[in-house]
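Contents: one structure, followed by commentary.
Remember, it's a predicted structure, so these values are computed and weren't measured experimentally. Residue numbers begin at 1 in each chain, while the letters A, B, ... track the order of the sequences.
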Number of protein chains: 4
Amino acid sequence: MSAAAGAVLDARGGQAARREHILDAAEACFVRNGFHRSTMQDLAREAGMSPGNIYRYFESKEAVVLGLADRERARGGALVERLEREGDRRGALLGIIERYFLAITRETAVLRVEIWSEANRNPDIAAMVVRSEEEARLWFTQTLAALAVSPACDPVALYGAMGPLMKGIIIERAILPDYDPAPSVAHLLGLIEAGLEGRLPAAHGNETDR
Amino acid sequence: MSAAAGAVLDARGGQAARREHILDAAEACFVRNGFHRSTMQDLAREAGMSPGNIYRYFESKEAVVLGLADRERARGGALVERLEREGDRRGALLGIIERYFLAITRETAVLRVEIWSEANRNPDIAAMVVRSEEEARLWFTQTLAALAVSPACDPVALYGAMGPLMKGIIIERAILPDYDPAPSVAHLLGLIEAGLEGRLPAAHGNETDR
Amino acid sequence: MSAAAGAVLDARGGQAARREHILDAAEACFVRNGFHRSTMQDLAREAGMSPGNIYRYFESKEAVVLGLADRERARGGALVERLEREGDRRGALLGIIERYFLAITRETAVLRVEIWSEANRNPDIAAMVVRSEEEARLWFTQTLAALAVSPACDPVALYGAMGPLMKGIIIERAILPDYDPAPSVAHLLGLIEAGLEGRLPAAHGNETDR
Amino acid sequence: MSAAAGAVLDARGGQAARREHILDAAEACFVRNGFHRSTMQDLAREAGMSPGNIYRYFESKEAVVLGLADRERARGGALVERLEREGDRRGALLGIIERYFLAITRETAVLRVEIWSEANRNPDIAAMVVRSEEEARLWFTQTLAALAVSPACDPVALYGAMGPLMKGIIIERAILPDYDPAPSVAHLLGLIEAGLEGRLPAAHGNETDR
DNA sequence: GATGAATGAGTTTTCATTCAT
DNA sequence: CATGAATGAAAACTCATTCAT
């Protein structure tokens with residue numbers, strides 16, 4: 001808040017830091033009250049700045065959600081990068097699952113549902129969500145391919161099985177007050193294990209064929 | 001659902017039929033634009049009536065969403081009942097999965113995401129979602145228990161594995177333009193099959209224990 | 001409610017009786033919630049009839065208030081007439097004061113305030129109020145003149161002193177929860193007594209002359 | 001109240017001055033059309049600002065009326081204080097009567113009736129009115145006690161006689177187009193004079209006892 | 001006559017966005 | 001740069017009034 005501190009922020013990366021700060025505030029507000037029940041005044045109060053000032057960093061309220069969705073996406077990428085730098089691919093895979101599913105906070109889950117819901121009406125958000133999904137799919141299939149221990153392993157099919165399960169864990173975390181993700185995560189890990197070994201418990205006789 | 005039935009209901013249906021009619025309109029609007037971008041004017045136009053008239057049937061806009069969530073819940077129960085009357089338990093289980101997951105429309109999926117999201121800020125909706133989940137859990141575990149072909153079958157654990165998967169299918173249907181639920185449904189059926197036989201591909205060594 | 005009873009009402013004085021019935025309902029509603037917080041639906045429910053039907057007897061909601069104000073006025077006249085038929089002028093004067101001030105109900109007082117307030121914005125009501133005041137003034141001055149026991153009695157000046165006092169009693173009855181009108185009524189009677197005897201405690205040296 | 005003072009307040013007055021400004025506008029509107037026929041748009045136009053801006057200073061339309069009632073109450077207290085500072089108690093008493101009854105404007109009277117009427121349905125207003133009455137009662141009885149010239153003076157009884165008279169003057173000012181309060185005020189002064197001397201023309205034989 | 005469902009203009013209130021300071 | 005007062009265009013909701021039955 002001091003003039004000196006402000007000057008420092010302004011000089012180098014001030015713009016970006018301010019955006020981050022606003023996104024933090026927005027995240028807190030959106031998790032608490034959802035996107036549509038949070039006003040720009042709320043964000044401003046939470047961020048400790050004036051409403052008008054937010055518009056110096058984001059074109060509109062919608063742009064804030066978009067920024068939030070994008071940050072979530074980028075954070076996933078950054079975590080992956082860090083985990084891969086720190087260890088092997090298997091560790092990265094397990095780390096991602098640990099962080100994004102086993103240890104997911106209700107806040108994160110709620111925010112994700114909020115973004116998915118917003119994608120239904122905001123094409124920019126929808127595009128961001130699709131891009132995010134695409135990046136995840138790409139990384140997972142590549143990682144699974146690299147970790148395969150059997151030529152019968154089909155990374156694409158495996159990720160096809162993992163995808164809904166992962167999203168479902170997030171939903172349950174968001175909507176069920178006492179949900180414990182541990183069993184589902186264990187199931188997810190079992191699924192991965194089986195898939196990497198090429199024995200994905202798959203389709204068999206599909207009884208609901210039309 | 002047929003045009004004829006609709007006409008009969010409209011002609012002399014009274015209070016309940018009007019509510020249904022409004023809920024149909026609301027569903028169309030909410031799927032198209034989401035809850036918060038749909039105005040009461042929109043609903044009224046879609047329903048072919050005046051805005052004020054909607055308030056004869058629903059106390060508020062929130063009550064419309066709640067009514068929609070409740071109708072979805074009740075429809076599930078009704079479908080279950082019909083399927084059980086028409087055939088055996090296995091048929092009912094497969095029928096539910098066919099209808100709610102394999103053949104799910106994007107509209108239904110979007111509406112579901114909308115309701116889940118709304119549960120984050122509307123306690124009435126949250127209660128309705130929890131109730132709905134509870135009813136589903138109860139029916140599935142009972143049905144699975146009845147269909148078990150091995151004493152090792154654990155219906156509660158099995159439903160714990162199925163739950164996120166089912167919700168994830170709905171999410172993917174809602175957010176991914178070209179999503180085909182068939183593979184995931186096949187996976188779900190395989191999971192059920194295995195679970196009923198008591199060979200649920202379970203926890204094993206949990207590698208992400210903290 | 002029976003067809004026969006309805007027919008009887010219709011044949012003779014039905015119109016007037018229905019108006020009275022509606023005015024009763026309106027009075028109850030207006031006392032409870034005031035004119036502006038009472039809806040035509042409220043009146044209809046209270047009157048046990050449909051909203052639309054009220055419009056067969058009153059042109060508009062405003063006409064109902066006007067009708068109520070007029071009925072209050074007419075009732076005063078009728079009471080006066082009855083009292084004068086039953087006894088002497090002094091008895092009539094005391095009877096009016098007993099009924100309209102000593103034994104005034106909170107409901108009546110509230111209704112009166114409601115009408116006075118409505119006169120501020122509805123010219124028809126204002127005219128009715130003025131007419132009502134005029135009739136009262138006329139009757140009181142004539143009666144006071146007839147009852148005078150001294151040639152020094154000035155009925156006009158006396159009524160000028162009584163008027164505000166009487167209205168003030170009504171106001172206090174309406175706005176003060178535990179108001180007891182007895183002392184003020186006693187004062188009013190003392191004032192009349194003195195006035196009739198020509199010793200009205202009047203102006204003396206007016207210290208606030210401008 | 002002077003144009004100069006108003007300008008000063010407007011220029012750099014902040015929150016409180018803006019509230020005053022809005023209350024002035026509200027007063028004008030309410031006197032002209034009554035509370036229920038004045039819209040927030042009307043207030044805004046009269047105040048020379050946007051409707052939304054009023055809500056920065058008042059929570060709701062009801063809060064505006066409450067603010068107005070409170071300002072009237074406070075103004076009375078302030079006038080009393082000023083008069084007492086400027087002169088003796090007798091002067092204060094006469095000054096209040098001069099200002100609030102002899103020189104009362106139709107606007108003030110109408111506003112008062114509006115507030116009394118509103119008290120019938122708004123509990124906050126009712127509480128404010130009761131509080132206001134209580135303050136008046138307290139000040140008058142204390143002042144009368146101090147001014148008593150005879151041990152027989154009963155300030156409580158005296159105020160009991162004055163109260164309705166004072167309110168009645170306001171009513172007549174509000175509802176009678178050509179009302180001149182002078183005679184009634186003279187009567188009021190006579191009453192006070194008599195009361196202070198302990199010869200209140202009181203109850204005597206109450207002829208309407210039941 | 002009577003009903004009550006329906007209308008739709010009008011009202012309060014909110015809030016994203018702007019802009020003078 | 002930053003503020004926060006101000007805007008004004010919606011939006012939810014109400015209710016006097018109408019009219020098909």
Query raised in the report: Rounded to the nearest 0.5 Å, how far apart are OG of D:Ser38 and CZ of D:Arg45?
Result: 10.5 Å

Query raised in the report: With sequence neighbours left out, what residues match A:Glu62 under side chain to side chain contact (heavy atoms under 4.5 Å, CB included)?
Result: A:Phe35, A:Ser60, A:Glu118, A:Asn122, B:Arg37

Requested in this report: Tell me, please, which residues at least two apart from A:Val64 pass side chain to side chain contact (heavy atoms under 4.5 Å, CB included).
Outcome: A:Leu23, A:Ala26, A:Phe30, A:Leu43, A:Phe58

Query raised in the report: Which residues satisfy the salt bridge (Lys or Arg N to Asp or Glu O under 4.0 Å) test with B:Asp124, sequence neighbours excluded?
Result: none

Query - Residues which pass side-chain hydrogen bond (donor to acceptor under 3.5 Å, both in side chains) with C:Asp70, listed by chain and number, not counting sequence neighbours - result: C:Arg73

Query raised in the report: Going 5' to 3' along nucleotides 8-14 of chain E, which nucleotides have protein heavy atoms under 4.0 Å from the base (write B), which only from the sugar-phosphate (write S), and which from neither (write -)?
Result: B--SSBB

**Report entry** Whole angstrom value for the distance that separates P of F:dC13 from CE of B:Met49
**Finding:** 16 Å

**Report entry** A:His21 NE2 to F:dA2 P, straight-line distance once rounded to whole Å
**Finding:** 11 Å

Report summary line: Sorted by chain and number, sequence neighbours left out, side chain to side chain contact (heavy atoms under 4.5 Å, CB included) with C:Ala44 holds for C:Pro51, C:Ile54

Requested in this report: Give a yes/no on whether any side-chain N or O of D:Tyr57 is located under 4.0 angstrom from OP1 or OP2 of F:dG4.
Outcome: no

Query raised in the report: Starting at the 5' end of DNA chain E, what dot-bracket string do you get if Watson-Crick and G-U pairs under 3.5 Å are bracketed, crossing pairs use [ ], other-strand pairs use | and unpaired bases use dots?
Result: .||||||||||||||||||||

Query raised in the report: Can you check the B:Arg45 CZ to F:dA11 C1' distance for me, whole Å?
Result: 13 Å

Query raised in the report: With A:Asn53, which residues qualify under side chain to side chain contact (heavy atoms under 4.5 Å, CB included), at least two apart?
Result: A:Met49, A:Ser50, A:Arg56, A:Tyr57

Requested in this report: Take atom CD1 of C:Ile54 and atom P of F:dT18, then tell me their distance rounded to the nearest Å.
Outcome: 13 Å

Query raised in the report: Residues in salt bridge (Lys or Arg N to Asp or Glu O under 4.0 Å) with A:Arg71, at least two apart?
Result: A:Glu20, A:Asp24, A:Glu27

